Amino acid sequence: MQAAIRDLPDGGRVLDAACGIGIDALALHRRGFRVTGSDASAAMVDQCRARLDAEGVEVPVVTCAWADLPGRFAAEFDAVLCCGNSLAHAPTPDARRGALVGFAGVLVEHGALLLDSQDWRLVHERGSHRDDDPQVVTRDGRRATRHYDWRVPARFGEPITLVLTLVVRDGDREQVRRHAMTFCPFTADELVADLEACGFAAVEVLQNPGDDRQTVLARRSP
């Protein structure tokens with residue numbers, strides 16, 4: 001996030017285009033930016049609004065698909081964020097490019113787009129596997145652990161499924177919740193080419209050696 005907001009003017013306008021439950025939107029608001037949140041999921045928008053209301057924060061939040069953003073907003077944002085590995089939820093390459101065109105359509109000239117995602121090549125190289133989060137979250141006497149089951153096909157580019165299992169223990173009681181997510185993987189080179197074809201320039205791919213996540217920063221072309 002720092003890469004996208006370092007050059008923004010004080011009080012700059014920021015669209016959190018995958019706002020989820022509102023964590024980034026709240027942080028951006030506290031930094032003094034004029035924030036708008038959007039998400040294609042009405043349930044996520046409801047949770048985001050609830051979080052912001054609980055903090056006494058007034059931030060507009062709308063339900064909107066990425067490709068439909070220009071029909072909802074003018075080219076008025078200094079930055080657009082699409083974080084949390086969200087872009088890979090676009091189910092096809094055409095849908096991914098439609099999202100990028102949508103982001104470009106609501107940015108001012110030279111406005112910043114910040115994306116983060118898995119390095120899908122590294123995920124594919126590992127194949128199907130399970131990751132157990134070592135962190136135990138404790139809240140109100142309950143302990144929760146998270147487990148990630150990656151189901152990776154043999155051919156790169158085919159959809160990858162991630163099953164998140166949340167195990168909550170409250171005394172002797174145990175509750176197990178599972179949520180499956182599907183991702184459409186892409187390479188960094190494919191993403192850069194898509195960005196340049198969809199109205200962006202000055203694309204930077206930032207990744208630490210050995211890290212399986214990457215951050216991409218681009219600017220809307222004049």
Side-chain angles (χ1 to χ4, degrees), residues 1 16-27 37-55 61 63-66 81-93 95-96 99 114-188 190-191 207-216:
M1 185 185 298
D16 182 357
C19 65
I21 62 174
I23 294 172
D24 287 339
L26 181 59
S38 74
D39 203 291
S41 166
M44 288 291 98
V45 166
D46 287 344
Q47 290 190 47
C48 182
R49 286 177 176 152
R51 175 183 290 271
L52 295 170
D53 288 345
E55 296 289 337
V61 186
T63 304
C64 188
W66 292 321
L81 273 63
C82 182
C83 297
N85 209 30
S86 298
L87 185 62
H89 288 304
T92 65
R96 182 173 68 243
L114 178 71
L115 306 168
D116 72 357
S117 80
Q118 299 287 144
D119 182 333
W120 295 107
R121 281 291 186 190
L122 293 180
V123 173
H124 189 262
E125 288 173 4
R126 292 187 66 188
S128 297
H129 63 278
R130 179 184 175 101
D131 290 325
D132 297 311
D133 191 335
Q135 182 179 11
V136 177
V137 179
T138 302
R139 183 176 300 169
D140 299 327
R142 293 177 295 177
R143 302 170 69 250
T145 57
R146 291 168 292 191
H147 311 273
Y148 302 88
D149 290 290
W150 293 91
R151 300 172 183 174
V152 181
R155 180 181 174 184
F156 183 85
E158 293 182 352
I160 291 173
T161 301
L162 172 63
V163 179
L164 167 62
T165 300
L166 183 66
V167 181
V168 181
R169 296 177 177 86
D170 185 357
D172 294 331
R173 293 180 298 174
E174 180 177 282
Q175 184 179 25
V176 178
R177 304 171 188 168
R178 291 185 175 88
H179 178 60
M181 295 166 276
T182 301
F183 301 99
C184 179
F186 46 81
T187 67
E190 288 171 337
L191 180 56
Q207 185 173 7
N208 294 322
D211 194 349
D212 67 352
R213 295 186 71 88
Q214 55 194 3
T215 299
V216 179

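Not measured: the values here are computed from a predicted model. Only this structure's heavy atoms are used, side chains among them; waters, hydrogens and symmetry mates stay out. Numbers here are sequence positions counted from 1.
The distance from the CD atom of Q214 to the CZ atom of R121 is 11.5 Å, given to the nearest 0.5 Å. Summarising the geometry, atom CG belonging to D119 is positioned 4.5 Å from atom CD belonging to Q207; distances are rounded to the nearest 0.5 Å. Residue S128 holds its OG atom at 8.5 Å from CD1 of I160, rounded to the nearest 0.5 Å. Separation of atoms CZ (R151) and CZ (R130) is listed at 10.5 Å; rounding is to 0.5 Å. A distance of 4.5 Å separates CH2 of W66 from SG of C82, quoted to the nearest 0.5 Å. Atom OH in Y148 sits 5.5 Å away from atom CG in L164 (nearest 0.5 Å).
Between W120 and F183, the ring planes are tilted. Angles from 30° to 60° get that label.
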Full working for side-chain contact (heavy atoms from CB on, under 4.5 Å) between V216 and L87: CA-CA 11 Å; V216 179; L87 185 62; over 6 Å; no
T145 vs D133, test: side-chain contact (heavy atoms from CB on, under 4.5 Å). Steps then yes/no. CA-CA 7 Å; T145 57; D133 191 335; over 6 Å; no
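A donor-acceptor contact shorter than 3.5 Å is absent between the side chain of D16 and the backbone of G37. Using modelled atom types, no side-chain atom of S38 and backbone atom of T63 make a donor-acceptor pair closer than 3.5 Å. Of the possible donor and acceptor atoms, one in the side chain of R49 sits under 3.5 Å from a partner among the backbone N and O of V61. Remark: the backbone N or O of A154 is paired with a side-chain donor or acceptor of H124 at under 3.5 angstrom. D116 places a side-chain N or O within 3.5 Å of a backbone atom of N85 that can act as its donor or acceptor partner.
Heavy-atom minimum distance, C48 versus G20: CB-O, 3.3 Å. In terms of heavy atoms, H89 sits closest to T182 at ND1-O, 3.3 Å. In plain terms, the two heavy atoms of S86 and A18 that are nearest each other are OG-CB, 3.3 Å.
Residue L166 is tested with H147, R146, H179 for a side chain to side chain contact (heavy atoms under 4.5 Å, CB included); the sole match is R146.
A 4.5 Å side-chain heavy-atom check between D24 and C83 finds at least one atom pair inside the cut-off. Annotation: side chain of R177 is not in contact with side chain of T165 (no heavy-atom distance under 4.5 Å). C184 places a side-chain heavy atom less than 4.5 Å from the side chain of P93. Counting heavy atoms from C-beta on, the side chains of P185 and V123 never come closer than 4.5 Å. Here the side chains of R96 and F186 are in contact, with some heavy-atom distance below 4.5 Å.
In the model, R173 has no side-chain atom that pairs as donor or acceptor with a side-chain atom of Q175 under 3.5 Å.
Residues forming a side-chain hydrogen bond (donor to acceptor under 3.5 Å, both in side chains) with R213 (at least two apart in sequence, or on another chain): Q118.
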